[in-house]
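First up is the structure itself, then whatever we jot down about it.
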Amino acid sequence: MDLLIKEGTLVDSTRSYQANICIDQGKIHSIFEGSKQIQADKVINAKDLLIFPGVIDSHVHFQLQDLGKIISSDTFASGTHAAAFGGVTTVIDFADQTRGESPYKGFLDRKKNADKQVAIDYSLHVSLTDTDFLDEIPLLIKEGVTSFKFFTSYSWRNLSLDDFDLIKLFQEMQKNRCLLMGHCENDILVLKGRQSLVKRGKTDPIYHAYSRPHIVEEEAIQRVILFAKKTGIKLHIAHITTKEGGELLANAKLQGLKVTGETCPHYLLLNEGAYNGPKGYLNIMSPPLRHTKDQQGLLDYIKDKIIDQIVTDHCEFSRESKGSGNLPFEKIVNGIPGIETSLPLMHDLLINKLNLSYSQLVNLMSTQPAKLFGLYPKKGSLEIGADADLIIFDPTLKRLISPEILHYNIDWNPFEGIKVVGWPIVTILRGKILVENGEFIGPSNYGQFQKRNLVGK
Ligand SMILES: [Zn+2]
């Protein structure tokens, strides 16, 4: 046996129980309660510690090019390295189609770039920005890409599809049994809302939030849910930020539609007050931070199992890339880091403060993402034969979030100053220990591309 983890509390999406777990050749070999003599190359005593399946963050952007030039501050190497410290063992990033160019080629290029660098397992969603290459979808499915993304907004960056093309895309997804994921904001409301504020000289970071009021998200979610209803596809709503967005998801589920949704730690822990003050410009991301009532609303939808998963939308930029506080809000690149802190922040909020169960946390951050995106039960589970992607979590370890304790390539953090109790201390990917006792001890490029199963219908 390669590895034995003794006397820990195993947590999967349905229960917590004390047991020993044996790992061999990268897989979960066996689980047993009580004592038994087992020969293993390495033994970890996990008494008083929790063992979760590794976190799956299905919405991240590493080395993202934005506004045609700036590349985000982390590479696939540094981003996945930081992720491993946060207990993340699989990420799903994006291959964004450049409009007018082959998405299949774009996917192959991005994969080639990532393959050499990744410390943890990964996959890619493909974002489609026109409907001229829909015949490439079967090719992408063969490569293991089974989820696609669309934008209802960002016409100014050639990302959005109009309603006619959206319906065309939805019909194509239905045919191919793929999942479609949407960035939902009303394009004209954002565009004209921004213009009107800028014209009046209102360019401080707080106006980023004012330029995208709740209706921007609500209208777009409502519209794409209607399209999903008409075409019968599986639709996933990316980064829901408003109470109204959560309500639309709840209603869609009530109607029996195959609609799922996600939110991010920053929408639960920060509000639009974070745009004030000298560091406000750093917190610009889209959709923007909202109000306390939205935070409460989203938490209620998490408790009620309406929101299916928590992701980070991780996309980090340096202070300089964000304009060092000297740019009007509409010129600041969008995105904040999140991947390394999401598990401890969500553990502290959902379990320590709101009393949710450990299984619910595992469901939100590992099992559900694996199921939604075609990785289950190989990932996101503690079943015998599953990949041995495990984390050992110390629920008593106290940490004060600050850039110094994290492993990003930037010197600021949106969650700086938040105190949490509970931190991941060991990260294991396919049986290989990557992080132990605060040190990265694994191979730096052990990550592999994961082909995903079809999940539609
Ligand atoms: Zn995103």
Side-chain angles (χ1 to χ4, degrees), residues 55-68 70-76 79-80 82-83 88 90-98 103 106-107 110 114 122-129 145 147-161 179-187 190 208 212 216-217 220-221 224 235-242 245 260-268 270 282-290 298 307-317 321-322 332-342 365 369 372-373 408 414:
V55 171
I56 299 172
D57 192 338
S58 69
H59 187 153
V60 304
H61 308 271
F62 297 133
Q63 52 187 70
L64 178 96
Q65 201 171 329
D66 197 7
L67 305 180
I70 299 167
I71 291 191
S72 58
S73 299
D74 47 18
T75 59
F76 276 107
T80 54
V88 181
T90 304
V91 287
I92 312 182
D93 201 298
F94 296 81
D96 299 319
Q97 178 204 3
T98 303
F107 160 78
R110 188 137 171 98
Y122 84 105
S123 181
L124 296 166
H125 310 280
V126 168
S127 310
L128 294 170
T129 57
V145 174
S147 55
F148 294 81
K149 186 184 186 187
F150 65 86
F151 295 85
T152 59
S153 185
Y154 291 117
S155 57
W156 58 96
R157 280 170 52 197
N158 290 332
L159 292 175
S160 60
L161 296 178
L179 178 111
L180 195 52
M181 168 180 187
H183 175 116
C184 304
E185 292 185 290
N186 179 301
D187 192 57
V190 174
H208 172 66
R212 299 164 117 103
V216 165
E217 173 169 295
I221 293 179
V224 299
L235 171 69
H236 181 75
I237 314 285
H239 42 50
I240 299 173
T241 68
T242 59
T260 53
E262 66 190 29
T263 191
C264 313
H266 47 277
Y267 299 121
L268 302 171
L270 308 175
L282 293 171
N283 294 320
I284 287 190
M285 85 293 281
S286 290
L289 299 169
R290 303 293 185 183
L298 293 172
I307 288 178
D308 299 271
Q309 62 164 5
I310 291 172
V311 298
T312 61
D313 201 1
H314 172 97
C315 189
E316 68 178 56
F317 293 99
S321 295
K322 283 199 165 251
I332 298 172
V333 285
N334 280 223
I336 61 166
I339 198 158
E340 192 176 350
T341 52
S342 66
M365 305 196 71
L372 281 176
F373 294 104
Y408 300 132

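Indexing begins at 1, ligand by ligand and atom by atom, following the structure's order. Numbering of residues begins at 1 and proceeds along the displayed sequence.
Taking the charged nitrogens against the carboxylate oxygens, R110 and D93 do have a contact shorter than 4.0 Å, which makes a salt bridge.
For the side chain to side chain donor-acceptor pair (under 3.5 Å) with H236, the lone residue among K149, E262, H59 that qualifies is E262.
Distances shorter than 2.8 Å separate the Zn ion (ligand 1) from the protein N/O/S atoms H59 NE2, H61 NE2, D313 OD1.
Residues passing the side chain to side chain contact (heavy atoms under 4.5 Å, CB included) test with S286 are Y154, E185, H208, R212, N334, sequence neighbours excluded.
H61 and D313 share a side-chain donor-acceptor pair at under 3.5 Å. In summary, the side chains of S127 and D96 do present a donor paired with an acceptor at a separation below 3.5 Å, with no hydrogens or angles considered.
Ring-plane geometry between F62 and F76 is classed as perpendicular, the angle between the planes exceeding 60 degrees on a 0 to 90 degree scale with a lower cut at 30.
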